[in-house]
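Keep in mind that what you see is a predicted model, and the values were worked out from it rather than measured.
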Amino acid sequence: MERNERSTPVPGKEKEVDIINIKGIEDIGYVQPDSILLNCLTPEENTGCQHGLYFQDGERRVDYILTYHIKKPSSSRSNRQSSRFTDNAFTRSLRRGTARLGRAPPPQPRGDPEVASQDHSMDYHVDDKRLHREEFEGNLRDMGIELEKDEDTKTPGVGFVKIHAPWHVLCREAEFMKLKMPTKKVYEMKQSTGVGAKINTLVNKVTEPLYPNVEDNRTHNVKHLSYMFSREKQHLFDLSDRDSFFDSKTRASIVFEVLKRTKCTKAKYSMGFTSLLGSGVYTDAYPLHDGDLDGENVEPNDRKLLYEEWASYSVFYKYQPIGLVRKYFGEKIGLYFAWLGLYTQMLIPASLVGVIVFLYGCATVDDNIPSMEICHPKNNITMCPLCDRACSYWKLKEACGTARASHLFDNPATVFFSIFMALWAAMFMEHWKRRQMRLNYEWDLTGFEEEEDHPRAEYELRVMQKSLKKEHKTQKNPTEIAEETTNKWKQTVQSAMAGLKLTEKEKLTCRDRLPAYMTNVVMMLLMIGVTFAIVFGVILYRISTKTALHMSNNPTTRSNVRLTVKTTAAIINLVVILILDEVYGAVARWLTVLEVPKTDKSFEERLIFKTFILKFVNAFTPIIYIAFFRGRLVGRPGSYLYVFESYRMEECAHGGCLMELCIQLSITMLGKQLIQNNLFEIGIPKLKKLIRYIKSKRRSFQEEEREKKLQRYETDHFLEPFAGLTPEYMEMIIQFGFVTLFVASFPLAPLFALLNNIIEIRLDAKKFVAELRRPVAARAKDIGIWYNLLRAVAKVAVIINAFVISFTSDFIPRLVYQYMYSPDGSMHGFVNHTLSYFNVSNFQDGKEPMDPQHQVEMCRYKDYREPPWSNTPYVISKEFWAVLAARLAFVIVFQNVVMLMSDIVDWLIPDIPKDISLQIHKEKILMVELFMKEEQGKIQFIDSMMPCGGKEKRNNHAPIARSRSIPHTHSHTHANNF
């Protein structure tokens, strides 16, 4: 503890230091070195701080905030604790001084031994964290960071460290981080000419009201040439206003990079910034928002502008100010909202086509021959019972409503719509790649490569534990005990020196992670098994409820059995999906933590993969069961398939399971969007904010008054911490699955997704601007693993839609009948063709209806089987095999044709727009010209400053000087050509 042992300079002589608040000393229980941090004045006196955005001097801007816990004495023990803390601080410093001089410490006052032991343990942990903070903050100051401390705030128990990065630190770190900054050089962007330019001009005039009133959102004809910042080439950049050259987002990211690079090394093991946060030395870390959203005399700021032009529901019809979003939140969040905006725009044509397909089904329902035959009054076909004992025979015309409703979603237009949506997905992917490249150019991200991230705190802790365990095993050797006692001091020094590099030498191997991997596999399989079990439970619910309702004495109840069972089962599935979504999200995070990934990027990718698998299975397992399994494993009358020997497997309605699939899809999709995505996103942040207010013991009648007195960093402290973009992306990926995977059975899915996303964009915007702390800006040139997931879902959608059209709908059986079995080539007789005969005398004992309403000898059921009077009764007929062959052939043809068309779309549309490619090439040429002109300017300046003799002497050495500069230029030109 060399820093603490050094004598503290007198304030005012060596350094100018403000007077330290005595109340803060008593509260925390120790004397702070006056050379470390400055205390901000109270809010009433702090008129120059602009509500906490600046240091006490009113000039240095707060770039980042660290918070830590400070002990506040309770009212009943304040006197005793204050005196004891002051005494502890004094006696600790006195003991350190006497220990250095070799004298014994003074006697301590006697008191209660139990209280004394508790106080000593508490003081030890407080001191340990304090010493870590002092060392860390001292290291920050050594790196040029300026700090100011505020413990006398309106937030009890929380101390704030305000961080400011001066100009020289910003320049140094910007060069280290290879930040591209705009130079003085401005060039004109090439504009398209001809018919295309006139069309673009016309479109811009028409869409002018849709653009937000934000200057950054306007298209400019000129652009600043950008170059990686260099302190040696500061003359290239416009530094007339240094305060605005690095905006608040960039300053915060620079400070965050310094924080991650700073370590505490005086302990046994090295502790980074993330380790300090994880161990509670600091409780929170966040950059500040630019200002308030509303109120009297609120100065204009980017946050307020975003709130008015982006986060308001009144501007739902306008484009997003993506440039301003990127300027305030960074490229990673900007890319998310750009992707969400493009996805929402692309849903407009998909919604229009889906509505047209639905309206086509409505218009042709009266012309549909199969449904007309079912609904015909003279139809006297008697159907077999739908359940054992309780159900009776029924007439086919009772399924008239279901048959007509099924035609709305089961018609030839749905095949066209499935092909359209597959091509739409391919177009969306290609359009996003082009949009992404345009944003990379506009945001100066061309050539950007992500660097290796810093290790996470949990990883460092595990490596440290592994190192200490290995050191403990090697150190405890019985033969060295004697030497250990004699050379204890030497071994301590050696272990301490070695301890600084323990985490650098060691790393976690697959063997170390093997238990975590095994746990991951077992838990993932268990969670998927839980999903299957719940789906099976809902199946049993449908079977038992249907039987119970058929036994009802109420005729209305008996007539609406199918609708009641379908709707209630879909609602149960929705509730289970919502609950399991939250459970699976927590389980996926827990499993990822067990793996101890090294970097945040690795942690995020593993978390995304697990969460996607679990939530995808959870959302789509009930739908997949209805689409592909329900009605397939039923058996036939007289030989039904039973579960637990009493539950007969459920059948599809005569019109097929497509109607029930549509009901399940609509309820699940709408329920997830309305309840989970919107209500949860609005309610949970507000609830958490309320809980934080309650925990801070702020009374309701004082809340409004104290809110006015809070500093900016205190107000942001009560906001919800930013938890990443994974929930936002996951929500949209699942929705993308609903839009593409089963679109053949639910053509209105794009419309519902569009309506949801219009609200979702403004809801997310309001959450980011008003409900969340400002996240640290992260650079990114793409959306990462999410693009691969989107492509995978789009590919799987082609296969699933092929199977839905082929096996779930009656599209293929209708085609087979029309072209193979119909006597006149029409659909007349199709219903009778799909029904088989059953002799009621062949019912198993105890399975026939208890109270049959119709006395019949033969009943019909939907299947392709031989009649009871044939030589092979109830055997699968040749018609079944003909239809099955046609179905499989359709799947193969549909899948290959649609995927081939998607690949053609990918090939036809270039990933990089031509104008952007030309502009990037032009920038490289301009950059070479700029450096060539700079070199010539240097030579002319040297010639003008030297006397004649010096010029001759310089001319003699000029080839050498030029030979040094020319390769640099050529190498730069050569690099730019790639």
Side-chain angles (χ1 to χ4, degrees), residues 347 350 353-354 357 406 409-429 528 531-532 535 570 573 577 612-633 652 656-669 672 730 732-750 752-753 788-813 884 886-903 905:
L347 283 173
V353 176
V357 169
S406 296
F409 307 100
D410 187 6
N411 55 71
T414 57
V415 181
F416 158 76
F417 190 54
S418 299
I419 299 174
F420 171 81
M421 288 303 295
L423 298 179
W424 172 87
M427 288 285 293
F428 168 56
M429 296 296 172
I528 294 175
T531 302
F532 290 163
V535 171
N573 273 325
I577 287 172
F612 175 75
I613 293 295
L614 292 176
K615 291 194 173 185
F616 187 87
V617 170
N618 180 41
F620 291 102
T621 298
I623 299 171
I624 291 174
Y625 163 74
I626 295 174
F628 302 125
F629 295 99
R630 184 176 177 185
R632 316 283 174 195
L633 308 173
C652 291
C657 285
L658 205 65
M659 189 61 199
E660 184 170 350
L661 178 61
C662 178
I663 293 174
Q664 181 69 56
L665 270 169
S666 59
I667 291 180
T668 303
M669 185 178 181
K672 278 180 66 67
M730 189 64 65
M732 290 295 107
I733 294 292
I734 298 297
Q735 184 199 85
F736 185 76
F738 281 113
V739 169
T740 56
L741 290 178
F742 295 92
V743 73
S745 61
F746 190 40
L748 295 179
F752 290 144
N788 298 328
L789 292 177
L790 284 170
R791 287 188 65 88
V793 171
K795 296 294 183 184
V796 173
V798 176
I799 302 173
I800 288 184
N801 280 302
F803 276 95
V804 167
I805 295 171
S806 180
F807 286 89
T808 309
S809 72
D810 283 338
F811 177 74
I812 299 300
L884 179 62
R887 282 173 165 169
L888 294 176
F890 176 83
V891 169
I892 296 173
V893 173
F894 182 89
Q895 172 187 337
N896 287 279
V897 169
V898 173
M899 286 192 173
L900 177 62
M901 295 173 68
S902 299
D903 292 339
V905 170

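Across all non-hydrogen atoms, the minimal contact from Val793 to Gly737 is CG1-CA, 4.0 Å. Of all the heavy atoms in Ile812 and Ile805, the pair that sits closest is CG1-O, 4.3 Å. A pairwise comparison of heavy atoms in Gly354 and Leu748 identifies O-CD2, 4.3 Å as the closest pair. Of all heavy-atom pairs spanning Ala570 and Gln664, the tightest one is CA-OE1, 3.5 Å. Residues Lys615 and Met730 approach most closely at CD-CG, 4.0 Å, considering heavy atoms. Listed here is the closest heavy atom pair of Leu658 and Ser809: CD2-CB, 4.1 Å.
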After noting the C-alpha distance and the side-chain angles of Leu347 and Phe736, does the key distance pass the side-chain contact (heavy atoms from CB on, under 4.5 Å) rule?
CA-CA 10 Å; Leu347 283 173; Phe736 185 76; over 6 Å; no
Intermediate values then yes/no, side-chain contact (heavy atoms from CB on, under 4.5 Å), Val796 and Phe616
CA-CA 13 Å; Val796 173; Phe616 187 87; 5.6 Å; no
Check the pair Ser806 / Phe890 against side-chain contact (heavy atoms from CB on, under 4.5 Å), numbers first and verdict last.
CA-CA 7 Å; Ser806 180; Phe890 176 83; 3.9 Å; yes
Would Ile623 and Met669 count as a side-chain contact (heavy atoms from CB on, under 4.5 Å) here? Give the steps.
CA-CA 11 Å; Ile623 299 171; Met669 185 178 181; over 6 Å; no
Checking ring pair (Phe, Tyr, Trp, His ring centres under 6.0 Å) for the pair Phe752/Phe746: CA distance, chi angles, key distance, verdict?
CA-CA 11 Å; Phe752 290 144; Phe746 190 40; 5.7 Å; yes
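Side chain of Asn618 to main chain of Thr531: no donor-acceptor pair is present (N/O by atom type, distance under 3.5 Å, no hydrogens or angles). A donor-acceptor pair under 3.5 Å links the side-chain atoms of Thr808 to the main chain of Ala627, judged by distance alone.
Every side-chain contact (heavy atoms from CB on, under 4.5 Å) that Ile624 has, sequence neighbours left out, goes to Phe620, Phe628, Phe629, Phe742. Every residue two or more places apart in sequence or in another chain was checked for a side chain to side chain donor-acceptor pair (under 3.5 Å) with Ser902, and none qualifies. Partners of Ile892 by side-chain contact (heavy atoms from CB on, under 4.5 Å), not counting sequence neighbours, listed by chain and number: Asn896. Applying the side chain to side chain donor-acceptor pair (under 3.5 Å) criterion to Asn801, with sequence neighbours excluded, gives no partner residue. Taking Val893 as the reference, Val897 meet the side-chain contact (heavy atoms from CB on, under 4.5 Å) condition, with sequence neighbours excluded.
In this pair, Trp424 and Phe428 present their aromatic rings parallel. The plane angle is below 30°, not in the 30 to 60° band.
Atom CD1 of residue Ile667 and atom CD1 of residue Ile577 lie 11.0 Å apart, to the nearest 0.5 angstrom. Atom OG of residue Ser406 and atom CG of residue Asp810 lie 8.5 Å apart, to the nearest 0.5 angstrom. Rounding to the nearest 0.5 angstrom, the gap separating the CD atom in Gln895 from the CZ atom in Phe803 is 7.5 Å. Distance check, rounded to the nearest 0.5 Å: CD1 of Ile800 to CG of Leu741 gives 4.5 Å. Distance check: Lys795 NZ to Thr740 OG1 gives 12.5 Å after rounding to the nearest 0.5 Å. Interatomic distance, CD1 of Ile663 versus CG of Asn573, reported as 12.5 Å (0.5 Å rounding).
Counted within 6.0 Å of CE on Met427, heavy atoms from surrounding residues, nucleotides or ligands total 12 or fewer; the atom is thus considered open.
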For residues 411-422, which side-chain N or O atoms pair as donor and acceptor with protein atoms under 3.5 Å away, sequence neighbours left out?
from	atom 1	to	atom 2	distance (Å)
Asn411	OD1	Ala413	N	3.0
Asn411	ND2	His407	O	2.9
Asn411	ND2	Leu408	O	3.2
Thr414	OG1	Asn411	O	2.6
Ser418	OG	Thr414	O	2.9

